[in-house]
Every structure is written in C-alpha cells, then in structure tokens.
Amino acid sequence: MRWSKLFIPTLRDAPADAEAPSHALLVRGGFIRQLHAGHYSMLPLGWKVHQKVAALVRQEMDAIGGQEFSLPTMHPASIWKQSGRWDTMGEIMFRLKDRRDNDLALGITHEEIFAFVATELSSYRELPQLWYQVQTKFRDEARPKAGLLRVREFAMKDSYSFDVDWAGLDAAFEAHHAAYTRIFSRLGLPAFPVEASSGAMGGNASTEFMVPCASGEDDVVHCPNCDYAGNIERATSTLPPVADDVPPAEPERFPTPGVRTIADLETFEGGAAANRQIKTLVMMIDSEVTLALLRGDHQLNEQKLIDATGAVKLRPAEAAETLAALGANPGSLGAVGVSGIRIVADEALRGRTNMTTGANTDDFHYRGVDIERDITVTQWADLRQVNAGEACPKCGHELELLRCVETGHIFKLGTVYAEKLGVMVTDAEGRQRPVVMGSYGIGIGRNMATVAETHHDDKGLIWPVSIAPYEVVLTAVSVDDTTMAAAEGLYDGLRARGIDVLLDDRDARAGVKFADAELIGIPYRVTLGPKGLAAGEVELTARATGTTERVAIDALVDQLAPTIIAQR
RNA sequence: CGGGAUGUAGCGCAGUUUGGCUAGCGCACCUGCUUUGGGAGCAGGGGGUCGGGAGUUCAAAUCUCCCCAUCCCGACCA
C-alpha cells in the first residue's frame with residue numbers, strides 16, 4: 001500500500017491519560033482510538049495487527065485439530081440460568097431486555113453456547129471434538145485500564161474440548177498447552193505457565209500464561225531457582241516452623257485496655273509476637289457470617305477464601321454485623337468458644353498452641369490458646385497471601401513476586417457444564433455419560449498490547465515480523481521520478497514474493513518519514529535516496545537493532561524476502 | 001464501590017487562585033513562496049457548546065450547587 005493513501009493518523013504527543021507504553025504508542029502510531037472507557041476502535045493499522053495475531057492463533061488451533069465456529073454474542077438469559085451462571089456472574093455480565101421484555105445477556109465467554117451446540121453429540125464415537133471461534137466478548141469490568149490491556153469489549157479466541165473421559169481431557173489440555181506455548185513464542189512473548197485459581201469458571205485445574213510486564217495486573221509468585229510459579233491467588237510457600245511453648249490447661253482471659261491491633265498486642269505487656277497471635281477476620285460469604293483465621297503476621301488472600309468455600313460473593317463484614325455475630329468490636333475478636341458460625345482457618349495455624357487472640361469482649365484477649373483444642377474449626381484451607389522472600393515450596397529458594405499480564409488461560413472444566421446443559425453421549429458399554437469438557441482462551445487484543453508492552457523503545461513500537469502491520473516500509477527520501485521509479489520496482493518485486501510492503505510515497509521530509517516508520521514499528525526499512533541510487537544502492541535498516549547496511553538495489557529483493565519469510 | 005486527579009480546537013498545554021474587552025500558545029490542518037537524508041523557514045488563513053445543567057453577577061472558562069465523562073491507586077476481575 002501507498003502511505004499517501006492510507007489513514008495512519010500518527011501523533012507527536014500521546015494523549016495525557018495514556019500511561020501504559022502500549023496504550024500511548026498504539027494511539028500515537030495511529031493503531032487505535034478510544035470511543036469510551038474500555039471500548040476502542042481499531043484503525044486500519046491496528047486492525048491489520050489484530051488480524052495477524054488472530055491468523056497466527058488460528059493456525060495453531062487448526063494444527064491441533066480445531067474447527068472454527070462463530071457463535072452469537074447475544075444470548076437468552078435462559079441458557080445462563082440453566083448453567084447457574086446468570087446468578088453467579090454478577091455485574092461482570094452486560095444484561096439487557098428485548099422489546100418483549102425478555103432478559104438477554106452479552107456473552108462474557110461461551111461455555112454455555114458451545115455446550116448447547118454440543119447437545120447434538122450422541123455417541124462416544126463422535127468424540128473427541130475440538131471447537132473454537134474468534135469472537136467478541138463483553139465484560140462490564142469495574143475498571144477498564146491501560147488501553148487494550150483491559151477493556152470491556154474485545155475479541156477472544158476461545159476453544160472447547162469435548163471428550164468421553166478424563167484421559168481425553170488431559171490430552172486436549174496438553175495439546176492446548178503446547179499450542180499456546182508455540183503461539184507466545186511466535187508472538188515473541190516470554191510467557192510462562194502458572195497454577196491459577198479457576199474463579200467463576202468452575203472446574204478443577206487451570207493454567208494461566210503470564211508475561212512479566214509493569215502494566216499488568218496479576219501478581220505471580222515465581223521461583224528463580226526451579227520451575228515453581230503460581231498466581232498469588234493460588235501460590236503457597238514454605239514457612240519456618242514456630243516453636244510454641246507448652247500451653248496451659250485452658251486459655252487464660254486477660255484485660256488488654258486500648259489494644260486494637262496485632263501491632264498493639266505485640267508491644268503490650270503480657271501480649272505476644274505477631275506470629276504467636278491468631279488474626280480473626282469477619283467476612284460475609286454470600287450473606288453468611290464466616291470467620292477467617294490467620295496467623296497474626298499473615299495477610300488474607302480473598303480469592304483463596306472464595307475458592308476454599310465456593311463463595312459467589314465475599315466482603316468484609318460491617319461493624320454492626322461483626323458486633324451482632326461476636327458481641328465485640330474489631331480489636332478484640334476471636335474464635336475461642338464460638339459455635340454456630342463457619343470458621344475457616346489457615347493451614348499455617350494447624351497444630352499451633354499457646355496462641356493469643358481476642359476474647360470477643362472489648363478490651364480482653366485470651367492467651368494460651370490451643371487451636372485444635374479451643375476452636376471449632378469448620379474447615380482448614382490455604383488462605384494466606386505469599387510474600388516475596390519466603391521459601392519456595394518445591395526447592396526452598398527465595399520466592400520473587402512478578403507483576404504480569406495474563407495472556408492466556410486454559411481450564412479443565414470436567415463435566416459441570418455437560419451435566420447442567422445435558423451434553424450426554426452413549427459410551428461403549430451403552431451407558432449415557434456426560435461429556436468431559438475443557439475451555440481455553442486467548443485475548444487477541446490483549447496479546448497485541450502485550451507485544452507492544454514488551455517490544456518498544458523510545459522511538460516507538462518494534463513489531464515482530466509475525467504480526468507487524470507491514471513487514472517492510474520503502475522510504476523514498478524524495479519523491480522525484482527517479483527515486484519513485486526505483487521504489488516502485490522494489491515494491492513490485494517484494495510483493496511478487498508475497499511480502500507485505502508499505503511504500504512511503506508521501507511528499508514529506510525525510511525526518512518525518514523516518515520518525516513515522518519507527519513509531520509504527522515496521523521491522524525493516526528500505527531507504528531510497530538520490531545518492532545511494534546513483535551508486536545503485538539502497539539502505540536496509542532493521543528496526544529492532546537499528547543496524548543499517550547498504551545493499552545493491554538489484555539484490556535487495558532476493559536478500560530481504562527470505563529473511564522475512566523465515567521470521568513469520 | 002472507596003481514595004486521588006483531570007475535563008479549554010484533532011493532540012499537548014496556558015488562562016481559573018484575585019470574574020472584565022474579540023479565549024491564547026505549540027504541534028497538526030489549509031494557501032503561497034523558499035527549503036529538501038532525521039519531526040523545515042517565512043507570510044497569510046481556518047477550526048472552540050471552555051464536559052453538561054442550574055444559579056450568583058452589569059459581566060462567568062474563572063464563583064456556587066448538581067450531574068456527567070475520563071485517567072490513576074485500591075477493591076473487583078472467564
């Protein structure tokens with residue numbers, strides 16, 4: 001294409017509210033424009049990149065036997081009610097009504113819809129099936145941010161596997177794991193797999209693919225020594241043992257006037273170190289009062305509590321609710337002798353004795369508490385948030401915390417959706433059984449943005465050839481007839497080899513053309529100037545390295561075309 | 001949802017504290033001349049519901065009230 005005919009509205013300054021590098025550069029480079037919060041228009045350049053990412057993902061899905069579908073984005077409420085997610089999804093789902101007052105939803109994902117299609121499967125002989133689409137998803141995110149990284153309307157490749165048994169699911173899951181690894185490698189993204197919480201998706205196991213990136217919003221616990229990695233919502237660590245003294249025969253109640261915090265109690269005469277205290281958090285889980293117990297120096301990870309209890313909605317109790325449940329105010333709360341209330345205790349408290357905790361009377365605490373003896377724990381669970389520097393549960397090395405973008409997520413769903421929606425097949429023994437499902441997602445725009453996050457410099461974007469909007473830009477330093485004739489020759493020659501070429505034929509100053517070419521991140525620039533052409537030469541500059549070499553004009557196509565094709 | 005900030009031309013900003021004449025600057029845009037290998041120079045020109053509404057006032061971008069939007073931090077997040 002000829003630059004002079006294209007709509008590539010580059011900006012010298014990024015909008016003031018674009019903070020993430022990908023956001024600023026995609027706007028400056030004329031790839032995207034914001035319509036409103038979380039909704040972006042793809043301009044021609046942005047759409048080309050988006051299409052190339054999608055095409056690359058399609059190739060890898062087809063390679064593992066995927067079949068492409070396109071399912072509706074607007075769904076009847078009934079199908080979401082059938083799976084139970086109409087109620088559990090909460091505010092993330094856009095909901096609307098039609099003229100007949102029927103409830104409708106915009107799809108946040110498509111498990112229900114693919115499962116509905118899959119009800120036509122009737123025999124194990126038809127399995128396995130692997131279905132996918134690249135489709136728009138709508139999510140009413142509380143806080144869209146960072147340009148394309150977190151939006152409310154976006155294209156996602158979502159695929160779904162259908163198998164007779166769990167071994168089949170494992171195979172489909174592994175196939176996706178491998179395909180995703182290839183996808184991220186081709187995108188030039190240093191993604192690594194981590195254990196994740198399955199959240200509202202349901203299911204038994206899930207792996208997220210994470211790319212370290214300051215603009216991300218997931219914290220990943222990572223061991224630099226071994227391969228251990230986990231989302232902070234899931235990861236754990238090994239703690240040094242705490243030696244407890246022999247406890248008294250029963251807890252001792254003692255006055256603690258003015259003590260309101262763990263820290264207060266540490267310094268209080270007769271108090272205890274934070275790791276000898278029990279922290280009691282009063283939470284409302286689906287409107288049921290629940291106590292979450294942690295060691296005094298530990299933080300609760302709310303997602304862990306949600307996962308452990310199967311909660312739909314979780315929030316800290318309000319002051320009045322706390323007082324009603326325990327008869328005391330925060331600062332003196334405890335679980336000793338409490339009955340009739342669900343108590344979830346963190347694993348780090350298991351077996352601990354001689355602890356100190358609130359006595360459920362303002363200004364009083366207990367000491368000498370033996371957890372297993374004095375507290376009726378309903379459930380033990382890992383609730384504690386891991387901190388950087390704690391020991392790796394696998395190898396003992398110090399863990400680090402990495403800020404990451406989640407670029408893909410694969411789930412083993414099991415038979416939940418199949419049972420709810422009636423996806424049944426007859427097995428070899430003639431029995432009806434639910435199909436075992438998996439679901440697998442990659443956000444197209446988010447991956448595009450993540451590449452921008454990880455591939456840029458102070459001049460602009462640096463696209464890998466695999467998804468660059470154009471693979472080569474021919475920069476005509478002047479637009480006189482001689483230069484343009486030479487440029488046209490190279491343009492035709494490269495296009496004949498299937499190369500995606502942009503011809504900068506604008507009547508602009510060389511500096512402007514160079515700066516724009518660098519800003520939009522075209523991997524290779526061929527510069528045609530009068531001096532070089534007089535000697536039969538052009539310059540070939542690689543965007544990533546900035547290195548320039550002089551190439552005979554007649555040799556350019558033969559040299560450059562294979563270089564590019566090898567990088568696709 | 002809690003905290004913070006911002007809304008003036010396509011983009012970046014000044015002006016608002018202390019109300020005052022036709023709302024200004026840079027970039028971008030249009031015309032002409034010159035220039036032409038790293039975001040040109042000169043001259044001329046076009047473009048504005050000052051986020052919206054109500055109010056105070058002789059007079060509101062500026063003061064008051066309400067609303068809206070966007071961004072950042074947190075909560076939340078298949």
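Within every chain, numbering begins at 1; the chains are lettered A, B, ... in the order of the sequence lines, protein sequences first and strands thereafter.
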Please report the distance separating the [atom1] of [N] from the corresponding atom of [M], rounded so that it comes out in whole Å.
| N | M | atom1 | value |
| --- | --- | --- | --- |
| B/C27 | B/G20 | P | 28 Å |
| B/G7 | B/C50 | C1' | 10 Å |
| B/G48 | B/G24 | C1' | 12 Å |
| B/G39 | B/A14 | P | 27 Å |
| B/C21 | B/C58 | C1' | 14 Å |
| B/G46 | B/U31 | C1' | 11 Å |
| B/G51 | B/U16 | P | 15 Å |
| B/G19 | B/G32 | P | 47 Å |

Using only heavy-atom distances, determine whether the side chains of [X] and [Y] contain a donor-acceptor pair under 3.5 Å.
| X | Y | answer |
| --- | --- | --- |
| A/Gln67 | A/Gln129 | yes |
| A/His23 | A/Lys145 | no |
| A/Ser159 | A/His176 | yes |

Mind checking [X] for me? I need base, sugar-phosphate or nothing, with any heavy atom below 4.0 Å counting as a touch.
| X | result |
| --- | --- |
| A/Ala146 | sugar-phosphate |
| A/Glu302 | sugar-phosphate |
| A/Ala515 | base |
| A/Ala16 | sugar-phosphate |
| A/Asp516 | base |
| A/Ala14 | sugar-phosphate |
| A/Pro530 | base |
| A/Thr475 | nothing |

Which nucleotide wins on minimum distance to the side chain of [X], given the candidates [options]?
| X | options | value |
| --- | --- | --- |
| A/Thr527 | B/G37, B/G39, B/U70 | B/G37 |
| A/Asp13 | B/C11, B/G37, B/C71 | B/C11 |
| A/Val512 | B/A40, B/U70, B/C77 | B/A40 |
| A/Asp17 | B/C11, B/G37, B/C71 | B/C71 |
| A/Arg28 | B/C72, B/G39, B/G37 | B/G39 |
| A/Pro15 | B/U70, B/C11, B/C77 | B/C11 |

May I have the distance from [X] (atom [atom1]) to [N] (atom [atom2]), rounded to whole angstrom?
| X | N | atom1 | atom2 | value |
| --- | --- | --- | --- | --- |
| A/Gln385 | B/G74 | CD | P | 12 Å |
| A/Lys531 | B/G38 | NZ | C1' | 12 Å |
| A/Asp481 | B/U36 | CG | P | 18 Å |
| A/Ile92 | B/A75 | CD1 | P | 15 Å |
| A/Arg152 | B/A69 | CZ | C1' | 12 Å |
| A/Glu141 | B/C1 | CD | P | 15 Å |
| A/Leu11 | B/C13 | CG | P | 12 Å |
| A/Met283 | B/C76 | CE | C1' | 13 Å |

| said: Cation-pi check for A/Tyr491 against A/Arg2: NZ or CZ below 6.0 Å from the six-membered ring centre and within 45 degrees of the axis, yes or no? | reply: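 So A/Arg2 does make the cation-pi contact.
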
With a 3.5 Å cut-off and just heavy-atom distances, do the side chain of [X] and the base of [N] make a donor-acceptor pair?
| X | N | answer |
| --- | --- | --- |
| A/Arg143 | B/G3 | no |
| A/Glu518 | B/G38 | yes |
| A/Arg525 | B/G38 | yes |

| Want to settle it: does A/Ala142 or A/Ile442 sit nearer the 5' end of RNA chain B, counting the closest nucleotide to each? |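 Its nearest nucleotide lies further toward 5', so the answer is A/Ala142.
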
| task | Starting from the 5' end of RNA chain B, give me the residue, A/Tyr440 or A/Leu533, whose nearest nucleotide shows up first. | result |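 Nearer the 5' end of the strand: A/Leu533.
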
Identify whether the distance between the nearest side-chain nitrogen and carboxylate oxygen of [X] and [Y] falls below 4.0 Å.
| X | Y | result |
| --- | --- | --- |
| A/Arg543 | A/Asp457 | yes |
| A/Arg234 | A/Asp382 | no |
| A/Glu518 | A/Arg525 | yes |

| field | Donor-acceptor pair, side chain of A/Trp463 and main chain of A/Ile520, under 3.5 angstrom | value |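 At least one qualifying donor-acceptor pair exists.
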
Think [X] has a side-chain N or O under 4.0 angstrom from the OP1 or OP2 of [N]?
| X | N | answer |
| --- | --- | --- |
| A/Gln303 | B/C76 | no |
| A/Lys145 | B/C73 | yes |
| A/Arg509 | B/A40 | yes |

| Separation of A/Met448 CE from A/Met42 CE (nearest 0.5 Å) |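 Those atoms lie 4.5 Å apart.
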
Watson-Crick or G-U wobble partner for [N], using a 3.5 Å limit on both distances?
| N | result |
| --- | --- |
| B/G2 | B/C73 |
| B/U57 | none |
| B/C33 | B/G41 |
| B/G26 | B/C11 |

